[in-house]
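Below is one structure, written out as structure tokens, with a few remarks after it.
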Amino acid sequence: MPSVPPEALPHRVVVTADGPILVEGPVEVELPDGRKAVSERPVTALCVCGNSRRYPFCDTSHRRRVRSAREEER
Amino acid sequence: MTTTPTAPALSAPALPLARGPLSAAVLAALRGGPLPDELDVEGADPFGDDLQLALYVCYELHYRGFAGVDDDLEWDPALLGLRRRLEAAFLAALRAEVPGGGDVAAEIEPLLVEHVDAPGVSRHLRRRGELWQFREYIALRSLYHLKEADPQAWVIPRLEGEAKAALVSVEHDEYGAGRGERMHAQLFADMMRELGLSDRYGAYVDVAPAPVIAEVNFMSMSGLHRALRGALVGQFAVVELTSSPGSDRLVRAAERLGCGPATIGFYAEHVEADAVHEQVVRHGILAPLVAGDPAMAEAVVFGMQAANLLDARLSDHVLAAWHAGRSALVGPLPEHAADA
């Protein structure tokens, strides 16, 4: 049986419940202002919360932020 | 003990300096001497300089060895026997210090919350760290980062199925996704040179305090023992889950301190890469690994808690020294202008 070449497989896109959208790369992301952002990673995490300092890529800024002493962290 | 000499690898480091009777005994054995029969392992501080350095030297035989040391000593029964006792003491101390449990999700949850006012080395460096402190931190972290991803690679043949495939995909990224110049260990070396530090493997072992060595030893121990494969995955998970925001703070620290592109680039790479790795670790590695396997879940929880404990001990050591206006190193930072 002939094997399926990897490039024939569809790119997988994973929508996570609490974070970014994961896209199999490499990808070129076109933004509304015409800017193009390139990621050569095998998988790229796209920001969907809009808070990333590295938009359109996720920097985990979607995480909940709290003030607490170290004791409560453990 | 075998005496057949083998040619040392070009990058093999020099032996470090002893810090007590245990490390002195291991170093003497590596120089070809006999290992003493009577060594008080159980009486030594399991987190102390002497035991941790002795263990570190034993483990380095499995990575790059040492210049002038017979490569075959990696599998010397006497050294392996002593290593086993050192590991037993370290492991028992870790198990005594962490609460344990079997709820992996409960261990993950607090790691995904940003505690904006919590103490920590990256938070200190971002807000008010000085360049000498940043350079010290990089020198200390070089014990791991110059072999970044290597301890975790040992777990690959001990996993199977989806967890194995997912872990390899993260490791592939750590190793530059097929490009040698993009390997994270190489990016770290580039940063060290930019900061005027030596990127020679092992250059800062002699100035690394015990908490730094212990953190690396925990990875090596968990990587080398199949019985600790769950702990290795737990340790890996903690790093990947906490690295992205920590790296972002170090990007800002490096920008504020006027560091160059290799330094900013190393941490910027980890912000984006580890945002992906977090997702892969949680959903691709941990979930399938512990599904229906309570014993594996307990092993992963132990690895996560031990990693958190060792990270906290390292952070406490470094911040206590800096807050007192002291160096966090064992001795002064060696200047390596000659080999920079």
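The structure presented is a predicted model; accordingly, all values stated were derived computationally and were not measured. In what follows, every chain begins at residue 1, and chains take the letters A, B, ... in the order their sequences are listed.
Both the backbone and the side chain of B/D248 come within less than 4.5 Å of a heavy atom of chain A. When heavy atoms are compared at a cutoff of 4.5 Å, A/S39 does not approach chain B at all. Only the side chain of B/E109 comes within contact range of chain A, with heavy atoms under 4.5 Å apart. Heavy-atom distances place the side chain of B/H172, and not its backbone, under 4.5 Å from chain A. For a residue to count as touching a neighbouring chain, one of its non-hydrogen atoms must lie under 4.5 Å from one of that chain's; by this rule B/E278 touches chain A with the side chain only.
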**Asked** So A/D18 and B/R282, side chain to side chain contact (heavy atoms under 4.5 Å, CB included) or not? Walk me through it.
**Response** CA-CA 12 Å; A/D18 52 355; B/R282 286 166 62 201; 2.7 Å; yes
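In terms of non-hydrogen atom pairs under 4.5 Å with chain B, the most contact-rich of A/V43, A/T44, A/V14 is A/V43. Of all the listed residues (B/A268, B/S169, B/A177), the one sharing the greatest number of non-hydrogen pairs under 4.5 Å with chain A is B/A268. Taking B/V280, B/V271, B/L112 one by one and counting their heavy-atom pairs under 4.5 Å with chain A, the maximum is reached by B/L112. Ranked by heavy-atom pairs under 4.5 Å with chain A, the list B/E269, B/Q305, B/H277 is led by B/E269.
Closest approach of A/D59 to B/S244, counting heavy atoms only: O-OG, 3.8 Å.
One distance of note links CZ of B/R179 with CD of A/E40; it measures 5.0 Å at 0.5 Å rounding. The CZ atom of A/R67 lies 12.0 Å from the CD atom of B/E114; values are rounded to the nearest 0.5 Å. We find the CD-OG1 distance between B/Q279 and A/T16 to be 4.5 Å, quoted to the nearest 0.5 Å. Of the inter-residue distances, the one linking B/E272 atom CD with A/R41 atom CZ reads 5.0 Å to the nearest 0.5 angstrom.
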